[in-house]
Amino acid sequence: MVVRKHVVAIDGPAGVGKTSTSKLVAGRLGYVYVDTGALYRAVAWKFLQEGVKLSDKKRLRDVLKGMSLQVKPERNRLRILIGGKDVTNRLRSRKITGLSSKVAAIAAVRKFLVEIQRKAGKKGGVVMEGRDIGTVIFPATPYKFFLTASIEMRAMRRYLELKGQGRDVVLSEIKRDIIARDRRDRGRKISPLRRAKDAVLVDSTNITMREVVNCIVSKIK
Ligand code: DC
């Protein structure tokens, strides 16, 4: 029997646990996982490297035109290559994080990344996480989930995650950054963060990651 492989769309705000959840769901289904936020971060990284001002639309479009961005989904991680160079580990700094949500509000950037994301999911067998996967990138997939959690819980989880990586972080700053990013991601004109009407809402404030994953996998199966 041939089992059709689908795209599972997981959207939600910053720090809600989308990446860890998506990796675990992909593992359970034997799918690969694609973190689309990494693509916006890659564009932010490139703009920083090239000294692009976000107000200079012509320059910005020229840089995008010449940008070779490759996405290599592997079983438990996603590699991002720019001009053939692996930049995956350079995309998580506070500076790139803040810039990525500004870059994500620019029409030319979203247009550039839409095709890359659709191509990455074309064959199915993908868990794709982001802000607009269920609303814009794969609106026809029947498997859509929208994760949510209280801002306190999201800030605390992100804080513990970064602390665990040995990073020197302050909880109140993380909370402030998340609130600012949410505002930009929800408030932008093109493809704002919102729940697709047919997405299953999963609130993880009071449940464990394992329970979130079980909930998603059981709905799919
Ligand atoms: O998921 P993340 O924190 O790595 O995403 C970084 C930024 O990219 C986020 O602030 C908003 C943007 N983004 C987006 O606009 N659309 C997506 N599908 C994924 C991310």
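Not measured: the values here are computed from a predicted model.
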Item to complete: Could you walk me through whether D132 and R110 pass the salt bridge (charged side-chain N to carboxylate O under 4.0 Å, His left out) test, one step at a time?
Response: CA-CA 10 Å; D132 61 344; R110 299 205 78 85; 2.9 Å; yes

Discussion item. Applying side-chain contact (heavy atoms from CB on, under 4.5 Å) to R167 and R94, what does each step give before you reach the verdict?
Written reply: CA-CA 11 Å; R167 304 259 289 266; R94 190 174 176 205; 5.7 Å; no

Worksheet item: Hey, mind stepping through R28 and N214 against side-chain contact (heavy atoms from CB on, under 4.5 Å) and telling me if it holds?
Response: CA-CA 9 Å; R28 290 269 294 273; N214 284 342; 3.0 Å; yes

Fill in: Criterion side-chain hydrogen bond (donor to acceptor under 3.5 Å, both in side chains) on T97 and R92, from CA distance to verdict
CA-CA 6 Å; T97 301; R92 300 274 143 200; over 6 Å; no

Practice prompt. Please test F146 against L193 for side-chain contact (heavy atoms from CB on, under 4.5 Å), starting from the C-alpha separation and ending with a verdict.
Written response: CA-CA 10 Å; F146 192 90; L193 168 67; 3.7 Å; yes

Practice prompt. Determine, step by step, whether M67 and V43 satisfy the side-chain contact (heavy atoms from CB on, under 4.5 Å) criterion, reporting the C-alpha distance in whole Å, the side-chain angles of both residues, the deciding distance to 0.1 Å, and the verdict.
Written response: CA-CA 9 Å; M67 183 174 172; V43 171; 4.1 Å; yes

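Of the inter-residue distances, the one linking D62 atom CG with R59 atom CZ reads 8.0 Å to the nearest 0.5 angstrom. How far CG of L64 is from CZ of R61: 9.0 Å, rounded to the nearest 0.5 Å. Annotation: the span from L78 atom CG to D35 atom CG amounts to 6.0 Å, rounded to 0.5 Å. Atom-to-atom distance recorded for Y143:OH and D198:CG is 12.5 Å, nearest 0.5 angstrom. Here CG of D11 is found 9.5 Å from OG of S22. Values are rounded to the nearest 0.5 Å. The distance from the CG atom of D185 to the NZ atom of K102 is 12.0 Å, given to the nearest 0.5 Å.
The nearest pair of heavy atoms linking M153 to T205 is CE-O, 3.0 Å. The two residues V7 and F138 have their closest heavy-atom pair at CG1-CD1, 3.8 Å. Residues Q117 and Y40 come closest through the heavy atom pair NE2-OH, 3.8 Å. Minimum heavy-atom separation, R188 to A105: CD-CA, 3.8 Å. The minimum heavy-atom distance between V202 and C215, with the atom names listed, is CG2-SG, 4.2 Å. Here the closest heavy-atom approach between residue A149 and residue R154 is recorded as O-NE, 3.2 Å.
For the pair L54/L99, a side-chain contact is recorded, criterion being any heavy-atom separation below 4.5 Å from C-beta on. With contacts defined as side-chain heavy-atom distances shorter than 4.5 Å, the pair I133/F145 does not qualify. You'll find the side chain of L147 reaches within 4.5 Å of the side chain of I216, heavy atoms only. I96 has its side chain out of reach of F47: every pair of non-hydrogen atoms, C-beta onward, lies at least 4.5 Å apart. The closest side-chain heavy-atom distance from V52 to D56 is not below 4.5 Å. In this structure, Y31 and V126 have side chains that are not in contact, with every pair of non-hydrogen atoms separated by 4.5 Å or more. At least one side-chain heavy atom of L69 sits under 4.5 Å from a side-chain heavy atom of I116. At a threshold of 4.5 Å between non-hydrogen side-chain atoms, the residues V136 and R118 count as touching.
Cluster membership check: V34 shares its hydrophobic cluster with F112, using side-chain heavy-atom separations under 4.5 Å among Ile, Leu, Val, Met, Phe, Trp and Tyr. Following chains of ILVMFWY side-chain contacts shorter than 4.5 Å, one cannot reach V16 starting from M128, and the two form parts of different hydrophobic clusters. Using a 4.5 Å cut-off between side-chain heavy atoms of Ile, Leu, Val, Met, Phe, Trp and Tyr, with links allowed through other members, V127 and M209 fall into the same hydrophobic cluster. Each of V109 and I190 belongs to its own hydrophobic cluster when Ile, Leu, Val, Met, Phe, Trp and Tyr are linked at side-chain heavy-atom distances under 4.5 angstrom. Hydrophobic clustering of Ile, Leu, Val, Met, Phe, Trp and Tyr side chains at less than 4.5 Å, counting indirect connections, unites L60 with L39.
K111 NZ: 12 or fewer foreign heavy atoms inside a 6.0 Å radius. Applying the 6.0 Å contact sphere to NZ of K219 captures no more than 12 heavy atoms from other residues, nucleotides or ligands.
The backbone N or O of Y33 sits nowhere less than 3.5 Å from a side-chain atom of K23 that would complete a donor-acceptor pair. The backbone N or O of I80 lies less than 3.5 Å from a partner atom in the side chain of T88, making a donor-acceptor pair. With K18 contributing its side chain and P13 its backbone, the two residues share a donor-acceptor pair below 3.5 Å. Using modelled atom types, one side-chain atom of T36 and one backbone atom of E129 make a donor-acceptor pair closer than 3.5 Å.
S204 and R157 are linked by a side-chain donor-acceptor pair at a separation below 3.5 angstrom, with hydrogens and angles left out of the test.
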